[in-house]
Amino acid sequence: MHPCIEDYALIGDEQTAALVGRDGSIDWLCLPRFDSAACFARLLGDEENGHWRIAPKKAGTCTRRAYRPDTLVLDTEWETDEGTVRVTDLMPQRERAPDVVRIVEGVSGRVTVRSVLRLRFDYGAIIPWMRRSGGHRVAVAGPDSVWLRSEPAVRTWGKDFGTYSEFTVEEGERVAFVLTWHPSHEPRPRLVDPYEALRSSVTDWRRWTVRCAYDGPYRDVVVRSLITLKALTYAPTGGIVAAATTSLPEELGGVRNWDYRYCWLRDSTLTLGALLSAGYHKEAQAWRDWLLRAVAGDPGHLQIMYGVAGERRLPEFEVPWLSGFAESAPVRIGNGAVSQLQLDVYGEVLDSLWLTRRAGLSPRPHMWSLQGVLLEWLREHWRQPDEGLWEMRGGRRHFVHSKVMVWVAADRAVRTLEEHRELPGDVAGWRALRDEVHQEVCEKGYDPQRNTFTQYYGSRELDAALLLIPRVGFLPPDDPRVVGTVDAVRETLGHGGFVRRYDSSDAVVDGLPGQEGAFLACSFWLADALHMTGRADEARELFEGLVALANDVGLLAEEYDPVAGRLLGNFPQAFSHIGLVNTALALFGGDGAG
């Protein structure tokens with residue numbers, strides 16, 4: 001059987017990440033960056049597309065596994081008839097080259113362990129040339145080179161285009177494997193001491209997590225989500241990818257498979273809010289600075305997403321040799337939504353920069369002038385239809401959430417000028433824009449018969465993004481239109497106690513066949529909205545139900561299928577973990593947030 005999404009744990013070095021299954025197999029790893037081609041792609045195909053499994057010989061899934069507290073170091077244990085063995089997986093902070101460290105340790109008895117390594121570059125398509133060199137196994141194909149060694153050395157042999165090792169460990173004995181990537185035209189990088197890498201990784205992670213300012217209920221869950229966000233951060237630039245994977249399906253067997261290894265502007269305000277509230281101002285500033293660099297340029301060419309270093313060209317194509325997760329094809333690389341018009345991102349950028357200024361982060365040169373240029377472009381173009389927050393592929397419409405975020409852009413600019421009178425700007429004109437947008441949304445985006453805002457002007461459909469109306473301050477939480485919208489979204493888009501983003505069966509709007517699962521970030525938004533509208537008990541009950549969906553190591557995907565009882569979509573999903581942190585802070589922050 002194909003593993004479930006929740007069978008995987010994450011390890012990473014803040015420049016890329018790997019997924020490790022319950023069977024001890026690393027089935028996904030892109031080197032050297034999150035968005036590089038995978039050298040292990042079994043996740044989206046089969047064993048011949050690349051993986052690295054270390055486990056007791058003839059053993060299946062593990063007996064138990066867990067992260068070491070407050071770290072991204074993973075321990076996986078098997079109890080066998082021979083005894084018990086532990087495999088510790090990590091990716092240490094790199095100096096130049098990325099390393100994967102896997103330490104096998106005998107816990108009891110005498111256990112025979114097998115390692116099977118199948119390297120397949122370019123998303124499982126290229127079998128490298130293997131050779132021996134100074135105690136290493138070296139794989140080379142085109143620009144990629146990978147070196148494998150063990151300490152102490154164990155015998156390896158080649159078979160079926162794979163590299164095998166077999167050895168025994170007794171109680172207290174350890175064998176460490178180190179896999180290192182580097183460009184094939186460069187010399188081998190400095191060797192990493194695997195045991196020192198383990199010690200320093202544990203120390204570094206715990207030194208980071210102790211900075212968390214939140215000390216309320218569910219602190220362990222919040223810290224795990226913050227660690228996950230840190231792991232999805234590309235440290236050289238501060239960009240945060242939406243997920244570590246591509247093409248994990250939103251519907252098993254369906255075509256809703258997208259590449260999420262990029263940085264979305266729609267996540268910016270919520271991400272910054274989570275980092276700032278949890279006490280991580282350095283990380284918030286790095287994300288803010290990435291944002292400023294990414295959006296610099298012609299305001300009319302603002303994109304909804306960028307690469308980890310701010311790259312703009314992310315062409316979408318399909319990889320036909322991969323069958324897809326659980327036969328869910330196609331597998332897509334790149335993301336065609338990069339060329340869409342989404343007016344909401346202007347609001348998210350201005351809201352983010354306003355938030356960082358209020359939080360005391362030092363403004364960068366030209367930050368305010370950039371905001372002014374973005375808003376002036378928006379003043380001229382906000383009446384256009386767009387593809388909306390969810391990247392609809394069924395044509396442009398006047399999405400209500402997009403227009404609300406236009407209001408947010410104008411509102412944050414006006415409030416900035418009111419708080420910083422030394423800054424230049426057309427405060428009267430921007431107030432007029434704010435009022436005009438507000439009036440139009442309330443007239444054209446609201447259905448008085450059903451007492452709810454709608455997905456787009458003139459429609460009867462709903463959208464979970466409407467739950468953000470009170471959060472962004474468009475209307476107060478006690479406004480009857482807000483309460484009515486919250487109730488309508490919960491009733492209409494409810495799915496197994498959670499909520500969908502929208503009615504994806506409406507292919508005219510969505511542009512795609514099939515249905516998707518409950519969207520976890522939107523379900524956290526519902527909990528926030530219930531809390532804001534005075535229904536704290538219901539909000540806490542929903543939050544607890546969402547927390548329970550995390551897998552055994554505390555990770556959440558993008559979506560959840562309440563019927564099949566399994567996670568869906570790319571994994572782990574930053575948006576989901578951001579939602580968890582923000583909702584915990586909203587519900588319990590008064591009890592202990594710093």
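Quantities reported herein were computed from a predicted structural model and do not represent experimental measurements. In what follows, residues are counted from 1 in the order of the sequence shown.
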Subject >> Residue pair Y446, N451: steps toward the side-chain hydrogen bond (donor to acceptor under 3.5 Å, both in side chains) verdict >> reply: CA-CA 7 Å; Y446 174 70; N451 188 29; 2.5 Å; yes

Original post:
After noting the C-alpha distance and the side-chain angles of E440 and Y457, does the key distance pass the side-chain hydrogen bond (donor to acceptor under 3.5 Å, both in side chains) rule?
Top reply: CA-CA 10 Å; E440 179 178 294; Y457 290 175; 2.8 Å; yes

**OP:** Decide side-chain contact (heavy atoms from CB on, under 4.5 Å) for V349 and L291; before the verdict, give the C-alpha distance in whole Å, the side-chain angles of both, and the deciding distance to 0.1 Å.
**Re:** CA-CA 8 Å; V349 170; L291 182 67; 4.2 Å; yes

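Ion pairing of D463 with R501 is absent here, as no side-chain N (NZ or NE/NH1/NH2) approaches a carboxylate O to less than 4.0 Å.
The shortest distance between side-chain heavy atoms of W525 and T583 does not fall below 4.5 Å. Side-chain contact between E283 and R211 is present, with at least one heavy-atom pair separated by less than 4.5 Å.
Looking only at atom types and distance, the side chain of K403 has a donor-acceptor partner in the side chain of H398 under 3.5 Å away. Side-chain N/O atoms of W354 and D411 include no donor and acceptor closer than 3.5 Å. For the residue pair E348 and W264, no side-chain donor N or O sits within less than 3.5 Å of a side-chain acceptor on the partner. Side-chain contact of E558 with Y260: a donor-acceptor pair under 3.5 Å is present, judged by distance alone. Between D447 and T454, the side chains place no donor N or O within less than 3.5 Å of an acceptor N or O (distance only, hydrogens not considered).
Remark: Y8 pairs with no residue by the ring pair (Phe, Tyr, Trp, His ring centres under 6.0 Å) rule, at least two apart or across chains.
Among pairs with a residue in residues 522-536, those fulfilling salt bridge (Lys or Arg N to Asp or Glu O under 4.0 Å) read R471-D528, D487-R535, at least two apart in sequence or across chains.
Within the 3.5 Å criterion, the main-chain N or O of D259 finds a donor-acceptor partner in the side chain of N335. Put simply, the side chain of T233 gets close to the backbone of L229: a donor and an acceptor are under 3.5 Å apart.
Remark: aromatic rings of F399 and W390 are distant, center separation not under 6.0 Å.
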